[in-house]
Amino acid sequence: MLPYPSGNLHMGHVRNYSAGDALAWYKRLKGFNVLHPIGWDSFGQPAEDAAVKRGVNPRTWTEENIEIMRGQLQRIGVSCDWRRQMYAHTPEYYKFDQWFFLKMYEMGLAYKKKTQVNWCEHDQATLSNEQASGGICWRCGNPVTKKDLEQWFLKTTAYTDQLLDDMAEIEAGWPANVLKRQSDWIGRSEGAFVKFDVKGSDERIEVFTTRIDTIYGANAVVVAAEHPIVEAKLAMMSANVVAKIAAIRAENAKPTDHETEIKKDGIDTGLKAINPFSGEELSVWVGNYVMMDYGTGAVMSVPAHDERDFDFAKKFGLPMVMVIETKAEPPASAGGTNVESHSTSKPTAHAVGSAFTDYGVMVNSGEWSGKTSEDGKREMAEYAEKHEFGRAATTYRLRDWGISRQRFWGSPIPIIYCDKCGVVPEKFENLPVRLPDTAPFTGTGESPLAKVPEFYETTCPKCDGPAKRDTDTMDTFVDSSWYYFRYTDPQNEVLPFDTETAAYWTPVDQYIGGDDHAVMHLIYARFWTKVMRDLGLVKFNEPFKRLLTQGMVVGETFFDDETGKKVYHMPDKVTVTRDAKGKITSAVSTEGKTLKYGIERMSKSKGNGVDPDEMIEIYGADAARLFVMFAAPIENELVWNEAGIEGAVRFLQRVWRLVGSWRLAVGSRQSAVVGSEESSAEARKLRRKTHQTIKRVSDNFESLQFNTPVAALMELSNAIGDFPVEPDNASDDEIFAVREALTSLVLMLTPFSPHTAEELFSVLIGNEKGIVANDARFSEYSEELAKADEIEIPVQVNGKLRSRLMALPEASNEELEAMAFADEKVREYTDGKEVVKVVVVPKRLVNIVVKG
RNA sequence: GCUGGGAUGGCGGAAUUGGUAGACGCCCAGGACUUAAAAUCCUGUGCCUUUAGGGGCGUGCGGGUUCGAUUCCCGCUCCCAGCACCA
């Protein structure tokens, strides 16, 4: 994933790009043609905030930041193809944001509508549903409110089923939790719409239900306070009902607060609705737990079989009728005896204490009684459709993507408003619609472009009359929805990319980033790819074959209670004491104040961050990268602890010394080859370790593990260090074995610590050319050489380890068994006992089961 | 509350997917080198127990399957993340 040019790289970036770079190096060393790109997500709000706060031009601010961050990436030695960089804020790039927008407009996938949008008061910005997930702003974490605005939408809902169903194609390569979060977000729900007549009125209330089979248990129709029927009948309601509804509406309009549980509340409107199946008259209630923006804004309340309806009915003493029973014969104590009778004379759920929400068999449901829930659901929906009061339906939670932003620093929306012709799309040949150099920035949430007549005053592409441009810009997530395709053809001036050129590289083989974009960027990118497929630009459904979500890098954070949120940077401003487990027991600032502490995402602005530049300065880029890869599995959270990095430094220095101590012997005896008669056991042992390591490291890379191959390299380096023969006394065979081990070690180190590896490689080979110039390849693995001469076989008696045998790998079961029984330690436990059974696992173990 | 993931030494974490638990590294202790320190090297390092050889216990807790369970099954506890009345 491309970085936002905030101005400084943090350790999260280092982790992400170190892993990506390691993989790129590994694949290149394996002989693959690798496209390892980088780009800049360079449109967005912080640039504009800087303009408001400090009066700098957003472009200048952004480009300076890119310069700084590119320098940092180059200092850590990321091996990107710098020629292919893309920059979202350049007209050469955003021209195609606009191109796509116009294409989607043609396809009917872009439309404008006035609606309640998510609004972040803190950022003074509009948010898409995805960016407001959980009722909090994705950028600043503050609660989201609503605001009426007219804005452009992209029809993500045209692809809901594909977004769900195509997950099957990427299931193997994506983390399960990301797919899960996406499918929850899309929220497919299969059920039925049912219309209830309103008594004494032509109006009908339509509800959505997934459990039409429970409709005979409905005790009320509950609608949202904002439901049109409420507005329409408000005049007929008593003053206290109206007041209550107003109160609920006011409460609904407040930003969601997840700390406090919402108590069920509501009021009987006095209206009556008719259950179309039973003909029963039901009260119409307003309930605070019914939301206007899901389903139809109205539900049928079935307390006996729905938890929320149960709570609601209990609070207001509404009747509860059980209409579903468990399929299995219910135990005598369940169902029957616990049920209180009610005026309906039907059994009720009062005494049960909770709703029965499983499927079962329908009861008390007129002619439908006796059917299973599954049959009832299907047949009742069909019946409803036949009698024109309902139909089976699938609803989704996913909404269209609102992309209009009242912001300057983004791609202008290429739409023109003409008094005569109405909404007119800009002509393709007039793209890009360029941003002016500057605009009056206020940060108050109004479009700065609306104050720049040179920008918005234009002529209508249709009638040539005077017209005005749309003064909003696109959500920056538009830029990141397709940038990875641009890498394949970054200079194209006619199209976003050439289809054939892109086809060679795409879809992306491996995508790496944080899982915080699970329902934002990753849904948009998938949507965009499907649109591109329908445009004929690509021939596949999914943009990213494999996704790796790396865990956050977090640091210990210290707060000063008095001054509020002030955070101190370790270790110069805080004195910390720890318990035996390394957990902090107290933290005191240099001024002597006691501080609160916790763990938070590491960043410079929070003051708990380690600056990558500092790391490089102190330890070097190679050690920093090696440590970040080694410290924890890539998908885990990494709690930053500087102590461990010394280990990485020591390891690199050890390898350096190892090469130093052998380079003369190895360099001067290049003719030394394997196969001399006196092949020593030591040489064979080292070669075995070398080849086992090649296999382990390769397998680890293939399965995206970055910590375990480092451990394997450390083992190999230890084995070379333990080699018992002095360089000057080594035989040709031994020289060969050491040269092979060192060469392999250095090559396998390249993905983690490329600078050190490059230097050592050239020294070792004895010429000035390094890994790149030599077009070096990862060492070939030999199964034959990796095979052990002798293997250790544990012997268990009754499953407990009692002895170990050394045996030939090809030893037969009988031989192993005989050796086990001959073993002295084993005999202590078997002598005088009855042998019940002997289990021999070839090449693994022997287990003797005895009795008595 | 629902959903998903997890729990292995003082710490980060390994373990060929049912076969020697604790690789590798950090920390710590002891030693060598040094006038001394740093660096480096060597040794030890799961817990309990034993003079020693050794013995016992041990992968969150309780059960089960198996010759054998960190791994599979059932039931709990706790932690982390996501969602937040989704009808």
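Just so we're on the same page: letters track the sequence lines, and every chain starts at 1.
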With sugar-phosphate meaning primed atoms plus P, OP1 and OP2, does [X] contact a base, only sugar-phosphate, or nothing at under 4.0 Å between heavy atoms?
{"X": "A:Asp309", "answer": "nothing"}
{"X": "A:Arg802", "answer": "sugar-phosphate"}
{"X": "A:Thr395", "answer": "nothing"}
{"X": "A:Asp306", "answer": "nothing"}
{"X": "A:Phe706", "answer": "nothing"}
{"X": "A:Val290", "answer": "base"}
{"X": "A:Gly647", "answer": "sugar-phosphate"}
{"X": "A:Val839", "answer": "base"}
{"X": "A:Glu792", "answer": "base"}

Counting only Watson-Crick or G-U wobble pairs whose two distances fall under 3.5 Å, which nucleotide matches [N]?
{"N": "B:rA21", "answer": "none"}
{"N": "B:rC57", "answer": "B:rG46"}
{"N": "B:rC85", "answer": "none"}
{"N": "B:rG10", "answer": "B:rC26"}

On the nucleotide [N], are OP1 or OP2 found under 4.0 Å from the side-chain N or O atoms that [X] carries?
{"X": "A:Asn707", "N": "B:rA14", "result": "yes"}
{"X": "A:Arg657", "N": "B:rC41", "result": "yes"}
{"X": "A:Tyr294", "N": "B:rA84", "result": "no"}
{"X": "A:Asn847", "N": "B:rU66", "result": "no"}
{"X": "A:Arg650", "N": "B:rC27", "result": "yes"}
{"X": "A:Ser133", "N": "B:rC83", "result": "yes"}
{"X": "A:Thr296", "N": "B:rA87", "result": "no"}

Using whole Å, report how far [atom1] of [X] lies from [atom2] of [N].
{"X": "A:Glu637", "N": "B:rA7", "atom1": "CD", "atom2": "P", "result": "15 Å"}
{"X": "A:Met629", "N": "B:rG25", "atom1": "CE", "atom2": "P", "result": "19 Å"}
{"X": "A:Asp515", "N": "B:rA81", "atom1": "CG", "atom2": "C1'", "result": "8 Å"}
{"X": "A:Leu716", "N": "B:rC24", "atom1": "CG", "atom2": "P", "result": "13 Å"}
{"X": "A:Glu130", "N": "B:rG82", "atom1": "CD", "atom2": "C1'", "result": "15 Å"}
{"X": "A:Lys800", "N": "B:rG56", "atom1": "NZ", "atom2": "C1'", "result": "8 Å"}
{"X": "A:Leu801", "N": "B:rG22", "atom1": "CG", "atom2": "C1'", "result": "15 Å"}
{"X": "A:Glu190", "N": "B:rA87", "atom1": "CD", "atom2": "P", "result": "11 Å"}

Whole-angstrom distance between [N] and [M], as gauged at atom [atom1]:
{"N": "B:rC79", "M": "B:rC28", "atom1": "C1'", "result": "28 Å"}
{"N": "B:rA21", "M": "B:rC26", "atom1": "P", "result": "26 Å"}
{"N": "B:rU16", "M": "B:rC85", "atom1": "C1'", "result": "48 Å"}
{"N": "B:rG10", "M": "B:rG46", "atom1": "P", "result": "10 Å"}

Taking the side chain of [X] as its heavy atoms from C-beta onward, which of [options] lies nearest to it?
{"X": "A:Met291", "options": "B:rA14, B:rG19, B:rC86", "result": "B:rC86"}
{"X": "A:Arg308", "options": "B:rA14, B:rC67, B:rC86", "result": "B:rC86"}
{"X": "A:Lys180", "options": "B:rG4, B:rC67, B:rC85", "result": "B:rG4"}
{"X": "A:Gln796", "options": "B:rG55, B:rA14, B:rG19", "result": "B:rG19"}
{"X": "A:Asn177", "options": "B:rG4, B:rG25, B:rC86", "result": "B:rG4"}
{"X": "A:Ala632", "options": "B:rG13, B:rU20, B:rG56", "result": "B:rG13"}
{"X": "A:Phe630", "options": "B:rC83, B:rG25, B:rA23", "result": "B:rG25"}
{"X": "A:Thr210", "options": "B:rG13, B:rA87, B:rG19", "result": "B:rA87"}
{"X": "A:Asn718", "options": "B:rC24, B:rG4, B:rG82", "result": "B:rC24"}
{"X": "A:Gln653", "options": "B:rC67, B:rA87, B:rU40", "result": "B:rU40"}

Quick one: do [X] and [Y] make a salt bridge, cutoff under 4.0 Å?
{"X": "A:Asp311", "Y": "A:Lys315", "answer": "no"}
{"X": "A:Asp265", "Y": "A:Lys244", "answer": "yes"}
{"X": "A:Arg188", "Y": "A:Asp161", "answer": "yes"}

Among A:Val838, A:Val835, A:Val836, A:Asp831, exactly one meets side-chain contact (heavy atoms from CB on, under 4.5 Å) together with A:Val850. Which residue is that?
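Exactly one pass, corresponding to A:Val835.
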Map A:Val841 and A:Asn700 onto RNA chain B by nearest heavy atom, then report which one ends up closer to the 5' terminus.
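Final value for this comparison: A:Asn700.
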Would you say [X]'s side chain and [Y]'s backbone share a donor-acceptor pair under 3.5 angstrom?
{"X": "A:Thr156", "Y": "A:Arg399", "answer": "yes"}
{"X": "A:Thr693", "Y": "A:Leu716", "answer": "no"}
{"X": "A:Asp400", "Y": "A:Thr157", "answer": "yes"}

Polar side-chain contact A:Arg844-B:rU16 base: donor and acceptor under 3.5 Å
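Looking at the base of B:rU16, it does pair with a donor or acceptor on the side chain of A:Arg844 (distance under 3.5 Å).
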Looking at the rings of A:Phe701 and A:Phe752, which for Trp means the six-membered one, are their centres under 6.0 Å apart?
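Under 6.0 Å, so yes.
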For the residue pair A:Lys264 and A:Phe312, would you count it as a cation-pi contact if the rule is NZ or CZ under 6.0 angstrom from the ring centre and within 45 degrees of the ring axis?
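No.
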I want to verify the glycosidic state of B:rG9; is it syn or anti under the 90° rule?
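Base orientation: syn.
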So, is B:rU17 syn or anti if syn means the angle is within 90° of 0?
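Syn conformation for B:rU17.
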